[in-house]
Amino acid sequence: MLGLLMLFPFFAAFIALFLQKEDSKSFAVLVSFLILVFNVFLLFNYDGGMAYEFSLNSLIVNFHIGVDAIALYLILLCSIMIFLSFICLDIQDKSVVISIFLLHFCIVGLFASLDALLFYVFWEFSLIPLIYLIGRYSDNYKAGIKFFIYAFCGSMLMLLAIIYVGFLYYQSFGYWSFDLLAWYKSEFFIPENAQNLIFVGFFIAFAIKSPLFPFHTWAPKVYTKSPTLVSVMLVSFKMAPFGFLRFILPLAPDTLNHYYSLLAILCIVGILYAALIAFKAKDLKELIAYSSISHLGVVILGIVTFTYNGVSGSVFYMFAHGIVTGGLFLAAYMLYKRYHTFDLDFYKNLAKTAPLFSFFFAVLLFSSISLPLTISFVGEFLILQGVASVNLWYALFAGGVIVLGAIYMLNIYRNMFFTTCEEEVCSKFMLKKGEIFVLSILSALVIYLGVAPSAMLDQIASNVNSILEVMQTRNIAIENQKIIDSIRGF
C-alpha cells in the first residue's frame with residue numbers, strides 16, 4: 001500500500017505528458033485529491049511502530065520502505081499543501097503539473113526510505129523538478145543556481161557520511177549494509193570519533209536544506225523570486241528536519257551531547273537574525289521567507305535538545321509550519337493576483353476592502369506568532385519546555401526572540417489591514433470559491449490541532465520514544481567502551 005502511494009504521483013506525472021493544456025489543472029486537482037485520500041486512509045489504519053514495510057533486495061540499493069507516524073504526518077502535510085496549491089494557483093503549463101507530481105513521488109519515497117542509499121537517491125532526484133521550476137519560472141535564475149550549488153555540495157557530504165557508516169557496519173559484521181533499522185540496533189557500535197565525522201557530513205547537508213543559519217543565504221532569494229508554488233513546496237517538504245531525526249539523532253548522539261551548547265546558540269542566533277531582517281522587510285514574500293527561516297531555527301533547536309518534549313514539539317511544529325507558512329504564501333499570491341505587487345507599503349485598509357480575506361489572513365498570522373489555541377503554539381510551547389529542561393537561559397533567549405517575531409508580524413498586519421489613507425489604492429474584492437475553500441481548510445487545521453493536539457501527539461509519542469531509546473542505548477555503549485578502554489590502559 002505504501003508502494004502504491006509512492007508510485008501514484010509518478011504515474012500521474014507520466015499521464016500528464018499526454019494531457020491538453022486546458023485539462024492540466026482539473027487533472028492535477030483530481031489526482032492530488034485521490035493521493036490525499038489514500039494518505040489519510042493509511043494514517044487512519046496505522047497501528048504503531050514501523051508500518052507498511054516492503055523490501056526488495058538488489059546488488060546496489062536495497063529497496064526497503066516503511067513509515068512510522070512521524071513520516072506519515074509529514075507525507076500528509078505534503079499531500080495537503082499540493083492539493084490546496086493546485087486548487088488555488090493558476091496552472092498555465094502542464095510541465096508544472098508533471099514537475100510537482102515527480103517531486104511528490106520523490107518526497108514520499110524519501111520519507112518512506114528505510115535504506116540510507118535509497119534515501120539519498122530520492123534526496124538527489126528531488127532537486128531535478130525543483131531546479132526546473134525555479135529556473136524556468138523564477139524572476140532570477142541565479143537564485144536557482146545558488147540553490148543547486150548549495151544543495152549539491154551538501155548532498156556530496158551526506159553521501160560520504162552514508163558510505164562511511166556502511167563501512168563501519170562492514171568492519172563490525174563483515175558485510176556492507178545501509179539498512180537504517182540495522183544501523184539502529186545496539187549491537188552496531190559507533191566510536192565517538194566516528195560519530196564526529198558522521199555528524200559533520202549529515203549536519204551540513206541538512207543545515208543547508210533546512211535552511212539553518214549560516215547556511216541559509218540561498219533561501220530568501222529562492223523564496224522571494226521563485227513562483228509561489230515553489231515557495232509553498234519548499235516550506236512544506238520537511239526533508240532536512242526529518243533527516244535530523246532519521247540520521248543525526250540515532251547515529252551521533254554523543255556528538256550532539258558534546259556540542260549541544262554550540263548548536264543551541266547557532267539556532268538562537270539564526271532565529272534572532274532572520275527575525276530582525278523580517279522586521280525591516282518591504283516585500284510580503286520576503287517577510288514570510290525570513291519569518292519561515294526564523295521558525296525553522298526553533299524546529300532544529302527542539303530536535304537537538306534530544307528530550308521527549310523537544311523532539312515531539314519539533315515534529316508537531318514541522319507540520320504546523322508547513323500549514324501556516326505555506327498558507328501565508330498562498331494568501332500573498334491571492335493579493336498579488338489582484339494588485340500585481342508584493343510591496344508592503346502598497347497595501348492599506350484591507351480590512352475594509354477585503355473583510356473575509358482579512359479574517360483568514362489573521363488566523364494564519366496569529367498562528368505564525370504562536371497565539372494560544374492555534375497549531376503553532378503547541379509545538380513552540382513543547383520545544384521551549386524541552387529546551388528549558390536542558391538549559392533555562394537558552395529557553396529564555398529563544399522565547400524572547402519569538403516575542404520579537406510577534407511584534408513585527410502584528411505591526412505588518414496593522415499597516416496592511418487597518419492603516420487608512422486619503423486615496424483608496426486597494427479596490428474591493430471578494431474571494432473566489434476555490435480560495436475560500438483553501439483558506440477554510442487551512443484555518444480549520446490551525447484551530448483544530450491547536451485545540452486538540454493530542455490527535456497527532458499521541459500517535460507520534462511511541463516513535464519519538466523509539467528515537468530517544470536508540471540515542472540512549474548508543475550513549476550507554478560509548479560509556480561502557482570508555483570504561484573498558486580505561487581498564488585496558490590500566
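Values reported hereafter were calculated over all heavy atoms of this structure, with side chains retained and with hydrogens, waters and symmetry mates removed. We're numbering straight along the sequence, starting at 1.
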| Under the salt bridge (charged side-chain N to carboxylate O under 4.0 Å, His left out) test, which residues partner Lys432, sequence neighbours left out? | none

| Below 4.5 Å, heavy atoms only, C-beta onward: do Ser79 and His104 meet side chain to side chain? | yes

| task | Classify the angle between the aromatic ring planes of Phe33 and Phe83 as parallel (below 30°), tilted (30 to 60°) or perpendicular (above 60°). | result | tilted

Compile the donor-acceptor pairs under 3.5 Å between side chains in residues 390-402 and protein atoms, sequence neighbours left out, one pair per line.
{"from": "Asn391", "atom 1": "OD1", "to": "Trp393", "atom 2": "N", "distance (Å)": "2.9"}
{"from": "Asn391", "atom 1": "OD1", "to": "Tyr394", "atom 2": "N", "distance (Å)": "3.2"}
{"from": "Tyr394", "atom 1": "OH", "to": "Ser261", "atom 2": "OG", "distance (Å)": "3.2"}

| Do Cys78 and Phe111 have side-chain heavy atoms sitting under 4.5 Å apart? | yes

List the atom pairs, donor and acceptor, that lie under 3.5 Å between side-chain atoms in residues 232-243 and the rest of the protein, sequence neighbours left out.
{"from": "Ser236", "atom 1": "OG", "to": "Val232", "atom 2": "O", "distance (Å)": "2.6"}
{"from": "Lys238", "atom 1": "NZ", "to": "Val235", "atom 2": "O", "distance (Å)": "2.6"}
{"from": "Lys238", "atom 1": "NZ", "to": "His321", "atom 2": "ND1", "distance (Å)": "2.4"}

| message | Looking only at the aromatic ring of each residue, does the gap between the centers of Tyr413 and Phe418 stay below 6.0 angstrom? | response | yes

| query | Taking only residues two or more places apart in sequence or in another chain, which ones pass salt bridge (charged side-chain N to carboxylate O under 4.0 Å, His left out) with Arg338? | reply | Glu435

| request: Scan residues 359-374 for pairs that pass side chain to side chain donor-acceptor pair (under 3.5 Å), counting only residues two or more places apart or in two chains. | output: Ser367-Ser376, Ser370-Glu380

| query | If every non-hydrogen atom of Lys94 is compared with every non-hydrogen atom of Ala16, which pair is closest and at what distance? | reply | CD-O, 3.5 Å

| query | Are Tyr273 and Tyr290 an aromatic pair by the rule of ring centers under 6.0 Å? | reply | no

| Should the ring pair Phe247 and Phe202 be called parallel, tilted or perpendicular, given that the plane angle runs from 0 to 90° and is split at 30 and 60? | parallel

| note | With sequence neighbours left out, the residues meeting side chain to side chain contact (heavy atoms under 4.5 Å, CB included) with Leu43 are Leu72, Tyr73, Leu76, Gln459

| query | How are the rings of Phe10 and Phe105 set relative to one another: parallel (under 30°), tilted (30 to 60°) or perpendicular (over 60°)? | reply | tilted

| task | Would you mind reporting whether Phe306 and Ile467 have side-chain heavy atoms less than 4.5 Å apart? | result | no

| request: Compute the centroid of each ring, for Phe27 and then for Phe18, and state whether the two points are separated by less than 6.0 Å. | output: no

